[in-house]
Amino acid sequence: MQDPEITPELIESHGLKPDEYERILEIIGREPSFTELGIFSAMWNEHCSYKSSKKWLRTLPTDGPQVICGPGENAGIVDIGDGQAVVFKMESHNHPSYIEPYQGAATGVGGILRDVFTMGARPIAAMNSLSFGEVDHPRTKRLVHGVVEGIGGYGNCFGVPTVGGEVRFHPAYNGNCLVNAFAAGLADADKIFYSAASGVGMPVVYLGAKTGRDGVGGATMASAEFDDTIEEKRPTVQVGDPFTEKRLMEATLELMQTGAVISIQDMGAAGLTCSAVEMGDKGKLGVRLDLEKVPCREEGMTAYEMMLSESQERMLMVLRPEKEAEARAVFDKWDLDFAIVGETIAEDRFLIMHHNEAKADLPLSKLSSEAPEYDRPWVETPAADPLGDVPQIDPIDGLRALICSPNYAAKQWVYEQYDTMVMADTARTPGLGAGIVRVHDSGKLLAFTSDVTPRYVKANPVEGGKQAVAEAYRNLTAVGATPLATTDNLNFGNPEKPEIMGQFVGAIKGIGAACSALNMPIVSGNVSLYNETDGQGILPTPTIGAVGLIASEADVIGTTVREGHVALLVGETSGHLGQSALLAEVFNREDGDAPRVDLEAEKRNGDFIRANRALITACTDLSDGGLALAAFELAEGSGVGVHLDSGATDVLFGEDQGRYLIACNFDQAEALMIEAGKAGVPISSVGRFTGDSVRFDGVDAPLAELSALYRSSFEQTLG
Amino acid sequence: MRAAVVVFPGSNCDRDLAVAFQREGFAVDMVWHKETALPDGVDIVGVPGGFSYGDYLRCGAIAAQSPICQAVLAHTGRGGYALGVCNGFQVLTETGILPGALLRNAGLKYICKTVGLRVETTDSAFTGGYAKGQEIAIPIAHHDGNYFADEATLETLRGDDRIAFTYTDNPNGSVGDIAGILSDNRRVLGMMPHPERAADPGHGGTDGAAFFRALGGLLAPA
């Protein structure tokens with residue numbers, strides 16, 4: 001087949017701007033071949049190059065004594081003691097999931113799992129953060145069903161427990177849903193594998209599934225806005241095969257035991273191109289590939305297609321040649337392809353041969369080092385208008401409105417479609433706060449949470465960015481965990497618009513400040529820009545995934561409340577209703593500023609909870625829906641009623657930060673009050689868990705009735 | 001006491017089942033699906049949960065043709081004990097060792113949650129640690145757990161007291177609320193729920209512990 005001629009239209013359809021094309025001409029001093037154009041487009045798109053975000057990502061705190069490896073590898077690595085490490089990352093699969101929800105979401109899970117086991121870690125927990133358009137938008141229900149089934153279909157078969165996540169609905173996501181997938185794995189701290197190649201003339205080996213035409217151009221697609229032609233983009237979405245992924249994981253981990261691996265990299269976005277360039281670039285080596293040796297699923301694939309295919313469940317590794325037979329035997333055992341497709345070379349060269357014809361011959365290091373980097377113009381998000389009057393409402397009506405909204409209703413319709421217990425180490429399944437898994441046979445546990453409140457970020461990117469981290473910190477704290485580190489999945493609109501770039505910059509500043517103050521460095525992450533359809537951007541959604549450590553089962557703080565327990569509120573309440581869930585759900589208003597995050601108070605209050613965990617029977621953090629929703633959720637989970645003293649709208653539904661609700665007996669409460677006094681932590685008794693009703697200052701409703709609403713409304717609306 | 005746990009490439013509850021056996025004192029051999037024989041001296045073979053060969057076809061259909069399943073058939077044919085959990089139950093029905101079939105859940109969705117089971121018979125090595133009629137809480141996690149058998153088979157199962165567990169609140173449409181059944185010699189049990197996920201206090205529930213304890217007690221050398 002004749003390669004097409006390089007025309008301005010072809011360049012544009014590869015997502016390359018005219019000045020970026022000029023840069024290519026400068027670097028190679030000639031017109032690129034079709035395959036070379038494809039390679040540049042794959043390396044220089046937003047998704048792979050982070051060209052709009054790099055400048056700001058560099059400002060994030062990424063260090064700490066607990067950090068073994070920060071951003072830049074496939075996933076971040078954090079020390080959890082005893083020679084063990086947790087390896088984790090979160091990544092978006094937004095655009096593919098909107099086009100083809102089942103496969104888009106499934107391969108999002110597959111991609112993040114690969115990022116983790118590529119480093120030598122066995123995945124032990126997964127989460128997902130999902131944002132959909134308004135509930136009655138014609139696409140929403142289909143997207144919810146497809147995405148949830150896709151996540152379950154992949155993760156359940158692969159065999160990793162899904163222990164947490166979020167689901168939200170807002171009209172701003174009507175044209176762009178968000179699917180952010182998190183995975184964490186466990187590795188020995190001294191047996192971690194990296195991507196940098198070393199040694200000249202070392203065999204480059206292709207592992208895993210065969211290459212097909214699926215996903216060609218996927219990363220470029222994911223770096224563009226949508227319009228009404230998206231149906232035509234369905235073929236750019238990859239198709240997942242979790243059974244093959246499971247075998248690839250087992251084979252890869254087994255291979256690593258043989259000592260055959262010099263370096264290894266999974267094939268994710270832009271497949272063979274990105275993985276080969278990454279390994280060469282990090283090792284300061286060139287790479288030659290002979291494409292006729294690549295195992296293909298289809299006949300007659302061109303060099304261009306092979307280099308840009310995003311077929312799933314594939315890896316590339318640099319092999320210690322004397323171990324070839326041993327390595328090959330592992331892949332034979334698991335019935336997976338193992339093919340030597342090239343070698344490392346001394347020159348700075350990315351040479352792609354196909355049937356003895358050079359299809360691409362490029363300076364390898366320039367593909368990443370010379371990638372464009374933009375200092376995009378940005379404008380600070382203007383201060384939010386002050387909050388208008390909020391009328392007092394019947395507090396039970398307010399609670400009803402929240403628990404009937406799919407945003408705050410129980411999500412068991414979603415998480416019961418995920419295997420939350422495979423590996424038989426899950427200590428806390430999803431439902432309330434962070435998920436917990438045991439570190440097999442070690443006595444330790446890890447807690448996982450994913451958080452962001454996009455309407456806060458929109459109103460005030462800096463405070464909203466801080467809040468996402470602070471809420472993750474609180475969710476980990478509430479189960480007794482010490483927060484270790486963070487991964488960020490930054491979902492925004494078109495960065496070429498200064499207002500959107502301003503949201504991005506503001507959120508990064510807030511996230512950075514909070515991660516520093518709370519000692520939760522960012523160790524990995526992903527940026528997803530251009531989440532816009534027909535010029536309409538999403539709510540800025542910097543999802544924070546965070547991991548915490550619990551030393552032993554005895555240190556876990558529970559969620560079971562008992563009849564007669566005192567309800568204690570930790571933290572300061574001012575009754576901040578701006579941008580609150582109540583305002584949005586009851587009054588259909590999104591006004592006022594986001595709540596301010598006092599990072600010192602967050603730290604102090606969190607330390608107080610951990611230091612006094614022996615006195616705390618049950619605990620939850622306060623976030624959306626404030627005290628009323630937190631108290632209801634804690635009560636409902638144990639089937640015990642709750643009576644709060646206040647009936648005031650701002651006290652019950654305000655979303656001041658840095659707060660926790662505790663349930664404990666009277667003696668424990670007394671002791672906690674004394675300890676709080678010593679630590680300078682605000683604490684007050686706000687009511688009692690008792691009976692079979694929910695009562696706010698005399699207004700009440702039967703717990704059973706509210707519980708039925710809470711448990712059924714999600715399915716009724718979206719099932 | 002020796003247990004063998006079959007490992008298909010897509011098994012993902014193999015370790016969980018092995019741990020549950022080991023907790024009750026079994027020595028456990030993990031047996032690869034390409035093997036044609038079980039290790040000598042195996043008292044019980046466990047077929048674990050997971051997705052044997054991906055189960056893109058009918059769950060367990062390909063696994064039933066695997067080399068190791070011929071060895072499992074020979075073992076049960078000699079009167080050996082076998083336990084199939086979840087995908088393992090599907091595999092045992094596909095091999096014909098147990099009657100009936102597991103269809104798509106009535107709601108057509110995967111379901112993972114802890115459900116109530118009723119112990120229908122205590123007359124087996126697996127259920128001897130429970131009281132008849134006892135209600136226990138055990139997790140399920142499956143997409144195809146809707147047990148079906150024709151009326152004649154059901155009559156036989158009922159008449160011979162071979163229904164081991166029923167659901168107290170049927171989650172998947174299984175005929176007669178059936179969650180687990182025994183073979184005619186009562187030495188093979190297939191069940192969709194996962195007792196190995198409720199076997200130690202860290203799981204949040206321990207109702208599955210009695211299951212493995214009974215097995216350990218019965219198979220322990222005298």
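Throughout, a chain's letter reflects where its sequence line sits, starting with A, and its residues are numbered from 1.
Within the 4.5 angstrom heavy-atom criterion, atoms from both the backbone and the side chain of A:T420 approach chain B. For a residue to count as touching a neighbouring chain, one of its non-hydrogen atoms must lie under 4.5 Å from one of that chain's; by this rule B:D200 touches chain A with the side chain only. Of the two parts of A:E149, only the side chain, counted from C-beta on, holds a non-hydrogen atom closer than 4.5 Å to a non-hydrogen atom of chain B. Of the two parts of A:D441, neither the backbone nor the side chain holds a non-hydrogen atom closer than 4.5 Å to a non-hydrogen atom of chain B.
Looking at heavy atoms from C-beta onward, A:P242 lies in side-chain contact with B:Y56 at the 4.5 angstrom threshold.
Per-residue counts of heavy-atom pairs under 4.5 Å with chain B were compared for A:V148, A:T426, A:D335, A:N156; the largest is that of A:N156. In terms of heavy-atom pairs under 4.5 Å with chain B, the best-connected choice from A:E250, A:K333, A:H145, A:R428 is A:K333. Per-residue heavy-atom pair counts under 4.5 Å with chain A were compared for B:G54, B:G107, B:A199, and the maximum is reached by B:G54. When each of A:K246, A:Q412, A:H440 is checked for heavy-atom pairs under 4.5 Å with chain B, A:H440 comes out on top.
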Please step through side-chain hydrogen bond (donor to acceptor under 3.5 Å, both in side chains) for the pair A:E245 and A:Y154, ending with a clear verdict.
-> CA-CA 9 Å; A:E245 177 105 332; A:Y154 206 98; 3.2 Å; yes
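Checked options A:Q312, A:Q238, A:R297; the residue passing with A:D214 is A:R297 (criterion: side chain to side chain donor-acceptor pair (under 3.5 Å)).
Look at A:E313 and A:R247 and you find no salt bridge, because none of the NZ, NE, NH1 or NH2 atoms lies under 4.0 Å from a carboxylate O. The existence of a salt bridge linking A:R438 and A:E553 is confirmed by a sub-4.0 Å separation between a basic side-chain nitrogen and an acidic carboxylate oxygen.
For B:K113, the NZ atom sits in a loose shell: 12 or fewer heavy atoms of surrounding residues, nucleotides or ligands are nearer than 6.0 Å.
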